[in-house]
Chemist: 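Let me give you the structure first, and then I'll get to my questions.
Only this structure's heavy atoms are used, side chains among them; waters, hydrogens and symmetry mates stay out.
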Amino acid sequence: MQYVKFGATGLRVSKLCLGTMGYGSSTWREWVLNKDQSEPILKKALDLGINFFDMADFYSLGECERVVGETLLSNVNRDDLVLASKVYYAMSDKPNDVGLSRKHILAAIEGSLKRIGTDYLDLYLIHGFDPDTPIEETMEAMHDVVKAGKARYIGASTMYAWQLAKMNAIAEKNNWTKFINMQCQYSLLYREEEREMMPLCENDKIAVSTFSPLARGMLSGANDIRTQTDGFTTEFFGDAIDLAIAERVKRVADYLGITSAEVAMAWVCQSSKVTTPLVGAQSIEQLETAIGTLDITLDTAHIDYLEALYRPKDIINDHNPVRRARAMPGDDNEPAPPISTSSNSTSSNSTSPSW
């Protein structure tokens, strides 16, 4: 396992962070693994050198934190782990059991710590932007969580770049703790964060963690229970461009003798814009595949071929309900031509790489 410096901090984390949305209770989502199924994967992650684990109180409405915390802490020392969890989404239908108010944040951190079985989190994130709560209220509450010793660092997830910038500016103005991590969606099918969020994070030395490297299974060709039941897959992905890019991923995978999932994850892992890719695993085999991608290097021709068809798409977050299908550009509706392995190829056509 590789370990990397986490943004501007002195914290070092495993290059891959294990996302744990898939562990907890199948009564929350039918594709979620229960405790007896989750434990072997979590233990294997420890064996393979992962020390960074991402949770959220919303996942299985708290059961994820219980399962992950109990499994990890019964196998390794707390100081050997980097534990993250998130707050924002509704935990019940009670009016104050949601959002980023001071009341909810201070109650939520206590709930997360109790369920996980620890005195502190290494990283506490807001799961999204709350337009109904003043930014000053949220940032002061997050600062107080840190000063109370209940979190070492704070981060944010899934918002517009201007929202992250404004929240950190208010924190700096008031000498409060600033966000040191942005967690955002990123894959060959969704690259909008490259426009503003990633340059902002690079400039401010904010660590970037990315999730959904397989675009919810679209890039791996998966047809499991999650892809069959996860409504977000069809809402976010599946237009003509997505399908054409997925076909290119398959072609590169076939050429290299690996799987489409490995190509898609290797592309994210190889990105200089990403500090720690988050990966999910519903089996030990999937976990081992994810870690193996750290040793895969795509050359420039592979990357150019994979990226060539991408076109702008709508931002995916809670504040943009628009989901527009994109038209395929030009004549790229046609399948990509067979890959040429001739070293003498001089074609400059992006659909005919010389590899």
Side-chain angles (χ1 to χ4, degrees), residues 16-46 48 50 52-75 81 83-93 97-98 108 111-118 121 123 125 127-128 157-158 183-185 187 209-237 261 264-265 277-291 316 318:
L16 292 185
C17 173
L18 184 61
T20 63
M21 186 178 182
Y23 312 139
S25 173
S26 59
T27 61
W28 183 65
R29 301 283 191 274
E30 56 188 299
W31 48 266
V32 172
L33 303 181
N34 294 312
K35 183 178 180 181
D36 61 332
Q37 300 167 300
S38 303
E39 284 182 327
I41 304 171
L42 290 164
K43 291 177 181 178
K44 186 64 174 180
L46 293 172
L48 293 172
I50 291 178
F52 192 10
F53 296 84
D54 176 74
M55 298 168 275
D57 58 4
F58 178 66
Y59 299 160
S60 292
L61 297 180
E63 187 62 19
C64 168
E65 292 177 318
R66 292 188 188 94
V67 168
V68 174
E70 182 176 329
T71 302
L72 296 179
L73 293 171
S74 64
N75 283 275
L81 298 168
L83 299 180
S85 196
K86 299 185 284 291
V87 57
Y88 175 50
Y89 291 110
M91 294 292 287
S92 71
D93 58 2
D97 206 12
V98 63
S112 288
L113 295 177
K114 182 178 180 180
R115 287 187 292 267
I116 295 168
T118 183
L121 291 174
L123 178 63
L125 302 101
H127 213 158
S157 177
T158 316
Q183 192 179 107
C184 53
Q185 184 165 182
S187 71
S209 302
T210 56
F211 60 88
S212 199
L214 302 182
R216 295 182 178 266
M218 180 70 66
L219 289 173
S220 67
N223 189 30
D224 55 19
I225 188 170
R226 178 168 187 179
T227 56
Q228 294 169 11
T229 61
D230 188 347
F232 288 120
T233 302
T234 54
E235 181 182 358
F236 297 158
F237 306 110
M265 287 190 287
L278 274 71
V279 296
Q282 298 297 96
S283 68
I284 289 177
E285 180 182 16
Q286 289 181 0
L287 179 63
E288 291 175 332
T289 296
I291 291 179
I316 297 175
D318 293 337

Chemist: How long is the gap from SG on Cys17 to CZ on Phe53, to the nearest 0.5 Å?
Modeler: 8.0 Å
Chemist: Using modelled atom types and a 3.5 Å cut-off, is there a donor and acceptor pairing between side-chain atoms of Asp57 and backbone atoms of Ser85?
Modeler: no
Chemist: Give me the one residue out of Leu123, Leu125, Leu278 that meets side-chain contact (heavy atoms from CB on, under 4.5 Å) with Ser209.
Modeler: Leu278
Chemist: With no hydrogens and no angle check, is any side-chain donor or acceptor of Ser283 less than 3.5 Å from a backbone partner on Gln286?
Modeler: yes
Chemist: For a quick test of reading the model, state the closest non-hydrogen atom pair linking Gly62 to Met91 and the distance between them.
Modeler: N-CE, 3.9 Å
Chemist: For Glu70, enumerate each residue passing the salt bridge (charged side-chain N to carboxylate O under 4.0 Å, His left out) test, keeping only those at least two apart in sequence or located in another chain.
Modeler: Lys35
Chemist: Within a strict 4.5 Å, meaning less than it, do heavy atoms of the Ile116 and Leu72 side chains meet?
Modeler: no
Chemist: Indicate yes or no for a side-chain donor-acceptor contact from Thr71 to the backbone of Val68 under 3.5 Å, with no hydrogens or angles considered.
Modeler: no
Chemist: Tell me the closest heavy-atom pair linking Glu65 and Ser112, and the distance in Å.
Modeler: OE2-OG, 2.8 Å
Chemist: Give me the atom names and distance for the closest heavy-atom approach of Leu214 to Ser220.
Modeler: CD1-CB, 4.0 Å
Chemist: Are the side chains of Gln185 and Thr158 in contact, using a 4.5 Å heavy-atom criterion?
Modeler: no
Chemist: Given side chains that start at C-beta, do those of Phe237 and Leu219 come closer than 4.5 Å, heavy atoms only?
Modeler: no
Chemist: Just say parallel, tilted or perpendicular for the rings of Trp28 and Tyr59, cut-offs at 30° and 60°.
Modeler: tilted
Chemist: With sequence neighbours left out, write down each residue that passes side chain to side chain donor-acceptor pair (under 3.5 Å) with Ser92, or none if nothing qualifies.
Modeler: Asp97
Chemist: Distance-only, no hydrogens or angles: does the Gln37 side chain make a donor-acceptor pair with backbone N or O of Asn34 under 3.5 Å?
Modeler: yes
Chemist: With the side chain counted from C-beta on, respond yes when Thr118 and Leu81 share a heavy-atom pair under 4.5 Å apart, and no when they do not.
Modeler: no
Chemist: Looking at Ala264 and Pro213, what are the two nearest heavy atoms and their distance?
Modeler: CB-O, 4.0 Å
Chemist: If you round to the nearest 0.5 Å, how far is CG of Leu83 from CZ of Phe52?
Modeler: 9.5 Å
Chemist: Take a 6.0 Å sphere around CD of Glu285 and say whether it holds more than 12 heavy atoms from other residues, nucleotides or ligands.
Modeler: no
Chemist: Are Ile41 and Leu33 side-chain neighbours, meaning at least one heavy-atom pair lies under 4.5 Å?
Modeler: yes
Chemist: Does any non-hydrogen side-chain atom of Tyr88 lie less than 4.5 Å from one of Asp318?
Modeler: yes
Chemist: Tell me, do Tyr23 and Leu18 make a side-chain contact under 4.5 Å, heavy atoms counted?
Modeler: yes
Chemist: How far does CD1 of Ile284 sit from OG1 of Thr289, to the nearest 0.5 angstrom?
Modeler: 12.0 Å
Chemist: Can you sort out the partners of Asp54 under side chain to side chain donor-acceptor pair (under 3.5 Å), two or more places apart, ordered by chain and number?
Modeler: Lys86, Gln183
Chemist: Grab the two heavy atoms, one from Leu16 and one from Ile50, that are nearest each other, plus how far apart they are.
Modeler: O-CG2, 3.9 Å
Chemist: I need the Trp31 CH2 to Ser26 OG distance, nearest 0.5 Å.
Modeler: 11.5 Å
Chemist: Between Glu288 (side chain) and Lys44 (backbone), is there a donor-acceptor pair under 3.5 Å?
Modeler: no
Chemist: Checking Ser60 side chain against Ser25 main chain: does a donor-acceptor pair fall under 3.5 Å?
Modeler: yes
